[in-house]
Amino acid sequence: MRIATWNVNSLRARSDQLLTWLIERSIDVALLQETKCTDGPFPFDELAALGYEAAHHGVNHWNGVAVISRCGLQDVQRGFVTTDEIGEPRVIAATCAGVRCWSVYVPNGRSVDDPHFAYKLRWLDELAAEMNRVGAANRASLVAGDFNVGMTDLDFYDAKRWKNKKHATAEERAGVQQLLDLGFVDLARDRYPKDPMFTWWNYVGTQFAKDKGLRIDLALASPEVFARLEDIWVDRHTRDPLAVEPAKPSDHAPLIVDVH
DNA sequence: ATGGTGGCCCGGCCA
């Protein structure tokens, strides 16, 4: 079973690439972030023609998350149950082939002195509270998406440059750590403790070509899913403007989890 | 130190 998380940076801009990618990579479950659309433009029919069901949570041209599956899709939950969400479509869950799959889009934070940064920390608290409340760590669960947090220096192409900046602060890391403390495992870092495993590169200039990236997209597994892990890998081709047609990739690469 | 790109709906916001 192959489960992927991918921040597509607008589904309207990336719909064709998504459909091609699902088939070429034999994706069973895709967790998407930043669909940036309502249900109107969401490609439900095109996905169905390829054998995929989909659940989408998008209200306007900001944020938006989705679960796409060709191995079943049940018990869809949009937003947090605990708080009825903090207003933006940043989380959706569905059960696919027995695995509770959560697609999360953590607020960016903008900068540490911006009110959006406090919102980011609150949102991470809320995510941990929700996972605790539903007992996600005690069943087969995968919480994956764009966390907008790099947990250690290894997650930054230039850790000095990012020190105490957005994505690298102790507060943000503590926010994500709450999930690890519940029993979740950061699959990419556990499997590859010394590789950068970058998932995002700024569009600007030659950042991708120079591999100046960050690892801010995470796949966090409950012990039950962790025990089933075969491999986890970053699909860099899908981020490479020289490898995709048209040459307009998302700024994030998919993170792909293979489990048995 | 700055500005470089891309996506959104229409010059500025957000990544």
Side-chain angles (χ1 to χ4, degrees), chain A residues 5-21 31-43 56-66 85-91 103-124 127 144-150 155-169 171-172 175-176 198-218 234-255:
Chain A
T5 177
W6 185 21
N7 180 323
V8 294
N9 186 19
S10 168
L11 209 41
R12 277 173 288 179
R14 221 76 58 204
S15 188
D16 289 346
Q17 197 192 349
L18 169 71
L19 297 167
T20 304
W21 170 80
L31 309 176
L32 306 184
Q33 301 87 39
E34 287 209 87
T35 61
K36 289 186 172 177
C37 64
T38 59
D39 280 352
F42 193 93
H56 179 226
H57 185 27
V59 298
N60 54 31
H61 58 98
W62 298 119
N63 313 301
V65 285
E85 188 169 299
I86 309 175
E88 295 177 321
R90 293 180 175 275
V91 60
S103 176
V104 305
Y105 178 46
V106 176
N108 175 283
R110 298 179 192 165
S111 70
V112 293
D113 53 359
D114 191 294
H116 202 258
F117 188 80
Y119 167 54
K120 178 182 195 173
L121 298 179
R122 287 200 310 274
W123 201 92
L124 283 167
L127 177 63
D146 179 0
F147 280 76
N148 275 312
V149 179
D155 299 341
F156 297 82
Y157 68 89
D158 183 349
K160 280 191 205 140
R161 180 193 179 97
W162 288 83
K163 190 169 178 60
N164 296 325
K165 300 264 179 61
K166 172 192 71 171
H167 291 152
T169 67
E171 292 87 350
E172 292 163 280
V176 177
F198 296 150
T199 61
W200 175 86
W201 298 259
N202 198 314
Y203 278 125
V204 170
T206 54
Q207 299 278 89
F208 178 76
K210 292 177 180 166
D211 199 22
K212 292 188 170 184
L214 307 180
R215 188 179 78 98
I216 53 175
D217 298 87
L218 305 176
V234 179
D235 179 8
R236 296 169 69 106
H237 284 293
T238 296
R239 172 61 180 84
D240 188 348
L242 302 177
V244 295
E245 179 63 40
K248 291 280 185 184
S250 167
D251 45 353
H252 293 254
L255 180 64

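Keep in mind the model is a prediction, meaning the values are calculated, not measured. Chain letters run A, B, ... following the sequence lines, proteins first and then strands; every chain starts at 1.
Using cut-offs of 30° and 60° for the angle between ring planes, the A/Trp162 and A/His167 rings count as parallel.
At most 12 heavy atoms of other shown residues, nucleotides or ligands fall within 6.0 angstrom of atom NE2 in A/His237.
A salt bridge links A/Asp211 with A/Arg236: the distance from a Lys NZ or Arg NE/NH1/NH2 to an Asp or Glu carboxylate oxygen falls below 4.0 Å.
A/Asn148 places a side-chain N or O within 3.5 Å of a backbone atom of A/Val106 that can act as its donor or acceptor partner. In this structure, the side chain of A/Arg14 engages the main chain of A/Asn9 through a donor-acceptor pair within 3.5 Å.
When each of A/Val91, A/Val65, A/Thr35 is paired with A/Tyr105, the side-chain contact (heavy atoms from CB on, under 4.5 Å) condition holds for A/Val65 and for no other.
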*Mark up nucleotides 6-15 of chain B, 5' to 3', with B wherever a protein heavy atom is under 4.0 angstrom from a base atom, S wherever such an atom reaches only the sugar-phosphate, and - elsewhere.*
SBSS---BSS
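Of the P atoms belonging to B/dG7 and B/dG3, the separation is 22 Å, rounded to the nearest Å. B/dT2 and B/dC8 have their P atoms separated by 30 Å, given to the nearest Å. For the C1' atoms, the distance linking B/dG4 with B/dC9 amounts to 23 Å, nearest Å. When the C1' atom is used for both B/dA1 and B/dC13, the distance is 23 Å, rounded to whole Å.
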